[in-house]
Amino acid sequence: MSDDYMDVTPHGRVLSVFGELKVPAVYCLAELIDNAFDDFWKRPPADLRPSVTITLPGSNSRLADAEVWVVDNGLGMDRQALNNAVKAGWTSNSRYEALGLFGMGLNIATAGLGWWSEIWTTRSGDPSWTVVTLDLAAISQSGQDYRAPLRHAPKDDPSEHGTKVIIRKLRQDQFEVLKRQARTIRDKLGHIYSYLLTERNYLITVNRTQVSPRKPCAWGANRSVSRSGDEIPAVIPIDVTLPARRACANCGRACEESTCPTCGSGRTEWVERRVWGWLGIQRYLHKSEYGIDFLRSGRKIMMYDKDVFDWVDPDGLGAPEREYPIDSPRNEGRIVGEIHCDHVPVNYTKTSFDLESAEWKAVLRVLRGESPLRPNRAKQLNLPVNDSPLGRLFNGYRREDPGLKYLMPSDGKYALRDKAMEWVKLFRDGHPAYQTDEKWYEAARLHDKPPTSPPPMDPPPGPGSGSGTTSRMGLDDDAEDGAGDEPGPGTPQPETRDQHLERYRASATEVVDMAGRYEADGQSVVELTVWAVPGVAVEDHGGRQVPVFVERTRPPRAEAFVAADNTLFTEYGVDFRELVLVELAEYMRQRAAGSSVPSPLSAVLQTLRIRSGMAKVTPDVLAAQARRLLDRVREAMQPEVAGNPSGYWELLPEGERALTERRFALEGGGDVWDEVIEKGDFVLYVPASAVVRLLERRPSAFLDGRVFRRPYAALTDEGTRGLIVSRLAGYVSDLALLVDDQPRLNAEELARSRISCRLVERELADTD
């Protein structure tokens, strides 16, 4: 090694890697971050916050001038360490101690981003920076003879230390990403390094903006659901130590001898094998933002991994079976987690673990056991019930039924989606009111215990009260005489406006799913809070009893007060949420009354309805809900049908049997059809019309809390029994029509279908 050059001749085994790897820009940057954090991971500093600063090309930059800078405040490297760092394929790191696992990070990052780079490094006390230049085009042309130019650059502060990498001659595709997607890159790095940023206080900045860790928006560990006597918490901690084993520090393969039989290395060592972290339930449903994050040395290697939800036959028979989410009509999930497994080898780009290794398979056994998560599937295979951490969460939270039974927030009818995502954004933005799960929990509780309750009975008349005396129901009664006189000594003072509203708030429940920002074209913006006030009649400031009124507080804030027991809601079936929107629309029109052409009330209401995040009522939405409810009915019927499978099978006409067999062929996996009939599992595949038929033919098997709550056996009058069965069958028939025939529905038919879905859900017994 001369004074003017540095030997960076590549090892032959990595020459092809540079041409084959197509690494996304964010992972190239992550490679450089990993190498920067290595020193801190192995030797945490006592008085220094580990930090990496990344600057990317500007949005108006040109390819010819664009550069990427990655600067850290690490300990820096001496000349020998620098030579080793830039010599492709060399490593002094153990595969089990560092993030920069192979000594490949620098080369992968520079080759992935651009063709030319400089590495500057210095230690505290060094008189200068040591700078080496890598020209990958020259390396590829020179073969085995390339020598990297080396020079020294002065530094202002002798105590300064760290390393910086400057990359130029960017690849065209990476250049476009780097200059346009800085925010996306920050968000991705915040996910990859969330543990180090949160738990180790590491710092990463991109274009002068600090990277925020992507914290899981999960339910608190104090929340739980109960299933068959098992109290299943919403967060399950994991900490399992597996027996230590000898492995190769070079290639990571397990080996029993001191020399690795795979790569021939003599660097073998005993490796601690620990699987730790947590699995839990997210506060919201999402099509992609669910699954398990797997970490190595504090950095996430796999994010939102969903293959953990696949059951793989241990004998290698058949394809993997995806087990979650299977109960969601929108294919959305909410099981999440963060699992550390530092002993499992990863691939060269650190985008995945070695999924074929024994170490990875041992991790899966810790998390999900060896049986299917689905109890019925495990039973079919004569395997034990899966009581692994993931198995318990699956059986406790697999459905998305609104309410506390499954810890699912609701808008009063359906599981929250759009509104929940608004709350998630507030959580990500650090809004203090949304950091805990209280908003979500209250929305789930309100589904089970809505604010509307039966009107209280009038108290008996007191002394001196006549039959014609009326009360203002919750406000102080007017005096019978001298109503206009000045109050005398000891006379109660009239209630102020603030007292009037505070009294309502004191007994009210906040309707959290309606809280938020409302705006309509040409109207003012309103930040709304909604209160459901039970037990009293709500009066506006004119003393008029009203079902709803909107009160302006401090602009742009407003509050809506709902008389939860008003007959408009309890007897006429009006949805108070709709009426709140009507009153809000009128309130916004009144505030905008000075405009030259005021918007029609209907137009304002339409805009508010669309932007409020309230659930749509369309045939597709209702059909999805109907399918979910009918699947619940089928599952609840199965234990009863299993008592006499052949008998129930014979109750079905030939056409429904054929449809059942056809659905089984499409969805039933590798089961034997004859065995499915013998076990009564065929009921899981019957068409919706067959569900109605079985209910009508065998009501005694499915009522009295077995499938539906309604009593049957204790009733002696056949007419009463028939009426109950007819009503239930009518509700279920509406669902069957939605699912089997998919008709075009007018507004009245949509309303009926929506009500039938709600009635069936209410009638279902708790069969867990």
Side-chain angles (χ1 to χ4, degrees), residues 228 309-329 368-387 391 394-395 398-399 626-703 706-708 729 732-733 735-736 739-741 764-765 767-768:
S228 303
F309 302 128
D310 289 349
W311 181 73
V312 179
D313 190 304
D315 296 326
L317 302 177
E321 299 177 18
R322 181 57 53 93
E323 299 190 282
Y324 178 85
I326 56 176
D327 297 289
S328 171
R368 58 157 296 142
E370 298 187 69
S371 296
L373 302 176
R374 299 159 292 171
N376 288 338
R377 185 68 173 130
K379 181 180 177 182
Q380 291 172 2
L381 298 171
N382 294 319
L383 293 174
V385 173
N386 191 318
D387 60 356
F394 171 81
N395 286 296
R398 60 184 289 185
R399 292 179 185 161
R627 290 189 191 94
R628 176 176 59 82
L629 289 170
L630 287 171
D631 282 342
R632 288 183 58 185
V633 173
R634 292 184 183 99
E635 290 178 8
M637 281 182 162
Q638 195 279 335
E640 305 302 324
V641 172
N644 190 349
S646 297
Y648 282 101
W649 179 249
E650 293 298 325
L651 288 178
L652 304 181
E654 190 62 34
E656 289 181 350
R657 293 184 200 172
L659 290 173
T660 302
E661 186 172 1
R662 185 177 305 165
R663 184 179 176 192
F664 164 79
L666 295 173
E667 304 176 9
D671 296 338
V672 178
W673 174 236
D674 289 340
E675 294 180 0
V676 169
I677 296 178
E678 291 173 3
K679 295 177 181 179
D681 290 346
F682 70 86
V683 75
L684 302 175
Y685 306 98
V686 297
S689 59
V691 175
V692 180
R693 185 181 308 280
L694 293 177
L695 173 61
E696 291 176 330
R697 296 290 183 88
R698 295 285 297 162
S700 60
F702 306 122
L703 275 69
R706 294 182 176 91
V707 177
F708 298 99
V732 179
S733 293
L735 272 61
V739 172
D740 286 350
D741 300 313
L764 283 172
T767 57
D768 291 316

S328: side chain to side chain donor-acceptor pair (under 3.5 Å) partners, not counting sequence neighbours: E400
With sequence neighbours excluded, residues passing salt bridge (Lys or Arg N to Asp or Glu O under 4.0 Å) with R663: D631, E667
Partners meeting ring pair (Phe, Tyr, Trp, His ring centres under 6.0 Å) with F708 (sequence neighbours left out): none
All side chain to side chain donor-acceptor pair (under 3.5 Å) counterparts of Q380, not counting sequence neighbours: R377, D681
F664/F682 under side-chain contact (heavy atoms from CB on, under 4.5 Å): CA gap, chis, key distance, verdict: CA-CA 8 Å; F664 164 79; F682 70 86; over 6 Å; no
Interatomic spacing from CG in L694 to OH in Y648 - rounded to 0.5 Å: 8.0 Å
Under 3.5 Å: donor-acceptor pair, side chain of S371, backbone of L383: no
E635: side chain to side chain contact (heavy atoms under 4.5 Å, CB included) partners, not counting sequence neighbours: D327, R398, R399, L684
Sequence-distant partners of R322, salt bridge (Lys or Arg N to Asp or Glu O under 4.0 Å), two or more places apart: D307, D310
Partners meeting side chain to side chain donor-acceptor pair (under 3.5 Å) with R697 (sequence neighbours left out): none
From N386 atom CG to L373 atom CG, the distance as rounded to the nearest 0.5 Å: 5.0 Å
Listed partners of R374 passing salt bridge (Lys or Arg N to Asp or Glu O under 4.0 Å), at least two apart: E321, E323
V732 and V633: CA distance, side-chain angles, deciding distance, side-chain contact (heavy atoms from CB on, under 4.5 Å) verdict: CA-CA 10 Å; V732 179; V633 173; 5.7 Å; no
Over all atoms of both residues, closest heavy-atom pair of P645 and E678: CG-O, 3.1 Å
Whether over 12 other heavy atoms sit under 6.0 Å from K379 NZ: no
Test item: R634 side-chain N/O and Y685 main-chain N/O as donor-acceptor pair under 3.5 Å: no
Where L652 and A690 come nearest, the two heavy atoms and their spacing: CD2-CB, 3.8 Å
Parallel, tilted or perpendicular, as decided by the 30° and 60° cut-offs, for the rings of F394 and Y324: perpendicular
Nearest-0.5 Å distance that lies between atom CG in L381 and atom CG in N376: 11.0 Å
Check against side-chain contact (heavy atoms from CB on, under 4.5 Å), F702 and V691: CA-CA 11 Å; F702 306 122; V691 175; over 6 Å; no
Heavy-atom check, side chain of R662 versus side chain of L659, under 4.5 Å: yes
Closest non-hydrogen atom pair, A636 against P639: O-CD, 3.3 Å
Residue pairs involving residues 643-656 (criterion salt bridge (Lys or Arg N to Asp or Glu O under 4.0 Å); sequence neighbours excluded): E650-R657, E654-R657, E656-R693
Value rounded to 0.5 Å, distance of CG in L764 from CZ in R632: 5.0 Å
Minimum-distance pair of heavy atoms, taken over all atoms of P687 and T660: CD-OG1, 3.3 Å
